[in-house]
Structures are given as structure tokens and as C-alpha cells.
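One structure is given here, and the rest of the page talks about it.
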Amino acid sequence: MTTAESLIQHLNLEPHPEGGFYKEKYRSGITIAAGSLPVGFCEERSLSTSIYFLLRSGDISKFHRLRSDEIWYHHQGSSVRLILIDSEGVKHTKILGTHIERAEHPQVIIPAGTIFGAEVHGENSYALMSCVVSPGFDFRDFEMFDKEDLLQAYPKHTEVIEKFG
């Protein structure tokens, strides 16, 4: 039986600053010049990057934002609830999983500039996913939030900010 701990060990996953565990698996050798990227990118970026990402029950992927689009793909384990706050301040919930008949999605696209967090559905479980970022991920484009700043900016979303902030 596969467990979160065995996947963490076998895939050489490390703790991620937002929560959960990750390992970069791909970084494109093709780069995009800074002048060809949207405002906010100060240096060239890889065309795309990909990581394994694992959350366990009780783990939270804390609210964060990227300058790039990100696509999450579900591989195994329980479904994952993603909470997104778009650039207009509207909250959306997406369920990442393989039970399409229950309105789960095997992939979820998170547009650049979206604030988002995630958690695993179910107890004593985990979810193994891959995340592809394009233009490629760089920690300079990764923004974590102070809970108080989020509460001030989005007071109507207090419940989810308390959980994911």
C-alpha cells in the first residue's frame, strides 16, 4: 500500500514554503527574454517548469500567488479542494481529482495573479499531483501573504482566509 511517507521518500520530496512537499522534475532549457515577458518579470524565465507536489490530510497549501499560469494535475490519492481568489476578488472553489462524475477535475488551471490555496479531502489520506508553471517557476515570482493583509483586502472571505492564510 502506498503511503504519503513512502512517496515523500521515493520521490525525494522536500517541504515547500507554502505547505506540503515538492520536487522539481523539469525545467525547460528554452528561455524567454525578460523583454518578452509581461510586466513584473525582471529577468528571463524558463519556458516552463514541472514539479511533483504532495499534500497530506491536515496539510494546507497556504494562500499564495504566482506571476505565471499554473496547471495542477491529479495523479493519485484523495481529491483536493482548491480555493482561488481572482483579480476581481471573487472566490472560486475547484475540486482536483479523478471522479469526474462528482464534478472533480483531473486538471485545474490557475491563471497568473490568482491567490490560491489547497487542502486534501478526507482523513488519513494524501494527494500526489504535478504542477506545471509557464513561464517557468522562479521563487522571485512567488508571493506568500500575511493573513491580516488578506483579511483587510478581502473581508467577505474571512472563513477561507482564516484557514488558508
Side-chain angles (χ1 to χ4, degrees), residues 1-32 37-38 40-41 43-87 91-145 160 163-165:
M1 182 171 140
T2 303
T3 65
E5 288 68 31
S6 68
L7 287 169
I8 291 167
Q9 179 184 1
H10 286 95
L11 297 174
N12 297 313
L13 305 179
E14 301 171 7
H16 196 291
E18 79 193 46
F21 298 84
Y22 81 109
K23 177 73 171 181
E24 184 174 290
K25 295 304 294 180
Y26 172 75
R27 180 168 292 274
S28 176
I30 300 170
T31 58
I32 305 168
L37 291 165
F41 291 90
E43 295 179 16
E44 73 177 20
R45 294 289 183 269
S46 295
L47 183 62
S48 65
T49 54
S50 179
I51 64 168
Y52 283 133
F53 186 60
L54 184 139
L55 286 173
R56 302 170 300 190
S57 297
D59 290 340
I60 296 292
S61 170
K62 294 180 182 177
F63 275 138
H64 61 287
R65 175 171 50 199
L66 301 178
R67 281 196 180 101
S68 300
D69 294 336
E70 183 168 11
I71 307 170
W72 286 38
Y73 299 91
H74 189 274
H75 293 304
Q76 70 181 59
S78 295
S79 59
V80 175
R81 179 172 77 129
L82 287 145
I83 303 296
L84 293 76
I85 301 174
D86 67 23
S87 60
K91 179 179 72 90
H92 306 272
T93 301
K94 302 281 185 179
I95 305 299
L96 180 72
T98 56
H99 299 286
I100 296 167
E101 70 282 0
R102 293 192 292 212
E104 294 180 2
H105 305 275
Q107 75 176 34
V108 171
I109 298 167
I110 301 163
T114 301
I115 297 168
F116 67 102
E119 69 177 340
V120 173
H121 273 214
E123 296 178 14
N124 302 315
S125 189
Y126 68 91
L128 177 65
M129 301 150 282
S130 284
C131 301
V132 173
V133 176
S134 180
F137 181 83
D138 188 295
F139 272 105
R140 292 173 288 186
D141 306 323
F142 175 82
E143 182 181 9
M144 292 284 292
F145 293 94
V160 294
K163 183 167 193 161
F164 295 96

| said: The test is side-chain contact (heavy atoms from CB on, under 4.5 Å); show your working for Asp138 and Glu43 and say whether it passes. | reply: CA-CA 10 Å; Asp138 188 295; Glu43 295 179 16; over 6 Å; no

| Of Leu84, Ile83, Val160, which is the lone residue that meets side chain to side chain contact (heavy atoms under 4.5 Å, CB included) with Thr93? | Ile83

| query | Roughly how far apart are Ile51 CD1 and Glu70 CD, rounded to 0.5 Å? | reply | 6.5 Å

| said: Are Phe21 and Leu11 packed together at the side-chain level, in the sense that at least one heavy-atom pair is separated by less than 4.5 angstrom? | reply: no

| task | Report the distance from atom CG of Leu7 to atom CG of Leu13, rounding to the nearest 0.5 Å. | result | 7.5 Å

| message | Please report the interatomic distance OG(Ser50) to CD1(Ile71), rounded to the nearest 0.5 Å. | response | 10.0 Å

| query | Nearest heavy-atom pair of His105 and Val108: which atoms, and what distance? | reply | CB-CG2, 4.1 Å

Going by atom type alone, with no hydrogens or angles, which donor-acceptor pairs under 3.5 Å involve a side-chain atom of residues 112-132 and a protein atom two or more places apart or on another chain?
{"from": "Thr114", "atom 1": "OG1", "to": "Pro111", "atom 2": "O", "distance (Å)": "2.9"}
{"from": "Glu119", "atom 1": "OE1", "to": "Lys163", "atom 2": "NZ", "distance (Å)": "2.7"}
{"from": "Glu119", "atom 1": "OE2", "to": "Arg81", "atom 2": "NE", "distance (Å)": "2.9"}
{"from": "Glu119", "atom 1": "OE2", "to": "Arg81", "atom 2": "NH2", "distance (Å)": "2.7"}
{"from": "Glu119", "atom 1": "OE2", "to": "Lys163", "atom 2": "NZ", "distance (Å)": "3.4"}
{"from": "Ser125", "atom 1": "OG", "to": "Ser78", "atom 2": "OG", "distance (Å)": "2.3"}
{"from": "Tyr126", "atom 1": "OH", "to": "Gln76", "atom 2": "NE2", "distance (Å)": "2.7"}
{"from": "Ser130", "atom 1": "OG", "to": "His75", "atom 2": "NE2", "distance (Å)": "2.6"}

| said: Could you report the tightest heavy-atom contact between Phe164 and Ser61, atom names first, then the distance? | reply: CD2-O, 3.8 Å

| query | Does Ser28 offer a backbone N or O that forms a donor-acceptor pair with the side chain of Ser46 under 3.5 Å? | reply | yes

| Donor-acceptor under 3.5 Å (Glu18 side chain, Lys62 main chain) | no

| query | Quick one: does His74's side chain have a donor or acceptor within less than 3.5 Å of a partner on Trp72's backbone? | reply | no

| message | Going by salt bridge (charged side-chain N to carboxylate O under 4.0 Å, His left out), name the pairs with one or both residues in residues 19-28, residues two or more places apart or in two chains. | response | Glu24-Arg27

| Can any side-chain N or O of Ser134 pair as donor or acceptor with the backbone N or O of Leu47 at less than 3.5 Å? | yes

| task | Check for a donor-acceptor pair, side chain of Arg67 on one end and backbone N or O of Glu143 on the other, with a separation under 3.5 Å. | result | no

| field | Atom pair OG1 (Thr31) and CG (Leu37), whose distance is rounded to the nearest 0.5 Å | value | 9.5 Å

| said: Measuring from atom CD1 of Ile95 to atom CD of Glu104, what distance do you get when rounded to the nearest 0.5 angstrom? | reply: 7.0 Å

| request: Examine distances only and state if a side-chain atom of Ser68 and a backbone atom of Pro135 form a donor-acceptor pair shorter than 3.5 Å. | output: yes

| field | Residue pair Asp141 / Leu66, side-chain heavy-atom distance below 4.5 Å | value | no

| field | All ring-ring contact (aromatic ring centres under 6.0 Å, His included) counterparts of Tyr22, not counting sequence neighbours | value | His16

